[in-house]
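Read the numbers this way: they start at 1 and go in the same order the structure lists the ligands and their atoms. Predicted model, so just to flag it, every value in this text is computed and none were measured.
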Amino acid sequence: MRASVRLDRLPPYLFAELERKIEEKRRAGVDVISLGIGDPDTPTPAAVVDALAAAARDPATHRYPTNRGRSEFRAAVADFYRWRFGVELDPESEIVPALGAKECIFNLNLAFLDADTLALAADPGYPVYTGGPLLAGAEAHPLPLVPELGFVPDLDAVPAEIARRARLLYLNYPNNPTGAVAPAGFFERVVEFAREHELLVVHDASYTELCFDGYEAPSFLATPGARDVGVEVFSLSKGWNMTGWRVAAIVGNRDAVATYWKLKTNIDSGMFEAVQLAAVTALGELREFPRQMSELYQRRRDLVCDALERIGVAVERPRATIYVWAPVPDGFADAASWCEHVLERAGVVVSPGGAYGAAGEGFFRISLTVPDERLLEAVERMRESLG
Ligand SMILES: *Cc1c(COP(=O)(O)O)cnc(C)c1O
């Protein structure tokens with residue numbers, strides 16, 4: 001048996017070795033605290049679960065859905081975008097459901113890339129921005145996100161030859177893993193760049209609903225001209241504690257949405273209609289729910305940042321997301337060796353920045369998706385391991 005060359009081109013899974021070590025520690029009786037993965041620890045709101053249960057009891061939801069989605073779902077997304085972002089969307093042509101942002105982002109590569117083309121992808125960034133283009137038989141070109149520039153890419157630094165071959169540009173604000181938010185004027189520059197190079201902007205809006213200190217993340221589509229050059233992938237996973245449900249939507253440029261839809265009709269058969277109806281409840285009746293979650297994460301952010309400062313790790317307090325992106329303490333060769341030290345000496349799992357791309361080296365990511373007391377204990381153990 002032989003895997004495809006396409007699959008072989010993917011870099012080795014950086015967390016595989018770490019997972020093996022965690023398993024080994026747990027078996028040896030170590031109480032491992034994992035701050036590795038970003039997966040909300042609190043449940044989906046009960047009203048959403050109830051809506052699912054009621055819809056699942058109706059046999060009308062048991063048949064094949066369509067890839068266009070139910071009209072209630074598209075209307076709920078449009079209403080939410082108007083209320084939250086002041087963005088008007090046409091439910092008929094500018095909204096299609098996606099089985100999670102991950103599915104959507106991966107499939108956009110198949111829909112838009114050919115052999116000699118590439119996707120510009122934030123580095124550090126969500127792994128699908130780089131793995132997806134490779135699996136589509138194309139390439140990914142990293143755009144470094146560095147603290148000096150506020151973790152936004154320097155679009156002027158993209159070589160002309162690379163820009164010429166680029167068909168997609170992946171962006172994500174509020175940003176995973178850096179926790180950065182888009183500075184004023186940045187999205188305007190993105191629209192200009194996309195026009196100049198005739199590429200499709202894909203804005204991954206997985207964290208727009210989890211913001212702190214009064215900050216409210218905008219939709220990329222609220223930027224003048226954005227709809228001419230871009231789409232946004234909006235996910236309920238993080239904001240409504242629905243990672244297991246696989247609910248997202250692609251919204252924006254109608255040609256791009258139609259192209260995605262055309263591809264999808266050849267790949268899957270849409271989202272279970274009962275899940276679509278549960279999402280209608282989340283986007284309609286539970287609009288304020290992510291704000292309550294934001295309060296929880298803001299409190300945890302402060303717990304972690306205060307504790308890190310006490311042990312001499314200077315962190316920038318993020319204004320959004322569920323992550324703290326912190327510099328590796330002095331005395332460690334790289335992020336991987338620090339993360340290994342923390343696992344060995346403290347039984348705590350944090351992710352090495354280099355796992356998200358070369359520009360992430362020198363940083364590590366802490367996920368805020370564990371209960372407060374576990375978070376505090378983890379940072380306390382890190383302190384002891386440094387002593
Ligand atoms: C969690 C995450 C996703 C995945 O979202 P799903 O809708 O659950 O597939 C996509 N992008 C980023 C940046 C994420 O952190």
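- Here is the list of ligand 1 atoms found below 4.0 Å of a heavy atom in Ser237: 6 (P), 7 (O), 8 (O).
- A salt bridge links Asp268 and Lys264; the closest N-O separation between the charged side-chain nitrogens and carboxylate oxygens is under 4.0 Å.
- Taking every non-hydrogen atom of Asn172 and a distance limit under 4.0 Å, the qualifying atoms of ligand 1 come out as 13 (C).
- Looking only at distances, a side-chain donor or acceptor of His341 sits under 3.5 Å from a matching main-chain atom of Ser385.
- By the 4.0 Å N-to-carboxylate-O rule, Lys25 lies too far from Asp31 to be salt-bridged with it.
- Closest protein heavy atom to atom 10 (C) of ligand 1: Ser206 OG, 3.3 Å.
- If you take OG on Ser367 and CD1 on Ile322, they are separated by 5.0 Å, rounding to the nearest 0.5 Å.
- Atom 14 (C) of ligand 1 has Lys238 NZ, 3.2 Å as its closest protein atom, hydrogens excluded (heavy atom only).
- Contacts between Ala101 and ligand 1, counted as non-hydrogen atom pairs separated by less than 4.0 Å, involve both the backbone and the side chain.
- Close approach of ligand 1 to Tyr207 (heavy-atom distance below 4.0 Å) involves ligand atoms 1 (C), 13 (C), 14 (C), 15 (O).
- Contacts between Glu103 and ligand 1 below 4.0 angstrom, taking non-hydrogen atoms only, are absent altogether.
- Side-chain rings of Tyr356 and Tyr126 stay apart, their centers remaining 6.0 Å or farther from each other.
- Residues Arg381 and Arg345 form no side-chain contact, since every pair of their non-hydrogen atoms from C-beta on lies 4.5 Å or further apart.
- Under a 4.0 Å N-O distance rule, the pair Arg195/Glu192 does not qualify as a salt bridge.
- A cation-pi contact, defined as under 6.0 Å to the ring centre and within 45° of the axis, is absent between Arg167 and Phe112.
- Against a heavy-atom cut-off of under 4.0 Å, Arg246 is close to the following atoms of ligand 1: 6 (P), 8 (O), 9 (O).
- Comparing Asp204, Thr243, Val247, Thr321 by heavy-atom distance to atom 12 (C) of ligand 1, the nearest is Asp204.
- Of the N or O atoms in Tyr129, none lie within a sub-3.5 Å distance of an N or O in ligand 1.
- Of all protein heavy atoms, the one closest to atom 4 (C) of ligand 1 is Tyr126 OH, 3.4 Å.
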